[in-house]
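The block underneath contains the structure these notes are about, expressed in structure tokens.
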Amino acid sequence: MTEPDDLDELLRAVAGRHRRRILFEVWERERGAGELADRLGLAPASVSEHLKVLRKTGLVTMRVNRTYRLYRACPERLHQLADLLVQAFPVTVRAQDSEETQEDTT
């Protein structure tokens with residue numbers, strides 16, 4: 001069963017264009033907030049707010065290295081989002097849809 005609150009929270013988190021860009025940037029390697037701000041052309045405070053949302057939803061993790069906070073995407077959480085979407089909107093083929101598809105191809 002899909003947890004609507006969890007799905008809603010995750011969808012809100014990935015709905016923001018800047019948050020998606022951050023996810024792309026931290027997908028393959030961890031990056032600091034300052035580096036993200038430079039790469040994305042955003043104010044450091046803005047990046048911090050987006051990272052806060054992504055951390056709260058578990059979409060990114062943070063590791064402290066001396067005075068640096070390094071962020072990385074959490075692929076498991078994104079896969080969980082995909083699973084929640086499939087549960088919420090299961091793909092079912094109705095007989096009528098199947099017949100219409102067959103008529104279109106002939």
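As the structure is a computational prediction, the values presented were derived from the model and not from experiment.
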Rounded to the nearest 0.5 Å, what separates atom [atom1] in [X] from atom [atom2] in [Y]?
X: Gln80; Y: Asp6; atom1: CD; atom2: CG; answer: 5.5 Å
X: Arg77; Y: Leu23; atom1: CZ; atom2: CG; answer: 12.0 Å
X: His18; Y: Leu40; atom1: NE2; atom2: CG; answer: 8.5 Å
X: Leu36; Y: Ser46; atom1: CG; atom2: OG; answer: 11.0 Å
X: Lys52; Y: Arg55; atom1: NZ; atom2: CZ; answer: 10.5 Å

### Summary
Across all chains, not counting sequence neighbours, the side-chain contact (heavy atoms from CB on, under 4.5 Å) partners of Thr61 are Arg72, Cys74

Residues forming a salt bridge (charged side-chain N to carboxylate O under 4.0 Å, His left out) with [X], sequence neighbours excluded:
X: Arg39; value: Glu25
X: Glu35; value: Arg29, Arg31
X: Arg21; value: none
X: Arg63; value: Glu30

#### Entry: Apart from Tyr68 itself, residues in the same hydrophobic cluster as defined by side-chain heavy atoms under 4.5 Å
Leu70

### Message
Evaluate Trp27 against Leu78 for side-chain contact (heavy atoms from CB on, under 4.5 Å), listing each step before the verdict.
### Response
CA-CA 11 Å; Trp27 186 259; Leu78 284 164; 2.9 Å; yes

### Partner of Arg19 under side-chain contact (heavy atoms from CB on, under 4.5 Å), chosen from Val14, Leu54, Val47, Leu51
Leu54

### Query
Side chain of Thr57, backbone of Val53: donor and acceptor closer than 3.5 Å?
yes

### Query
Going only through I, L, V, M, F, W and Y residues with side-chain contacts under 4.5 Å, is there a path from Leu11 to Leu59?
yes

### Query
Closest approach of Met62 and Val64, non-hydrogen atoms and distance?
CE-CG2, 4.1 Å

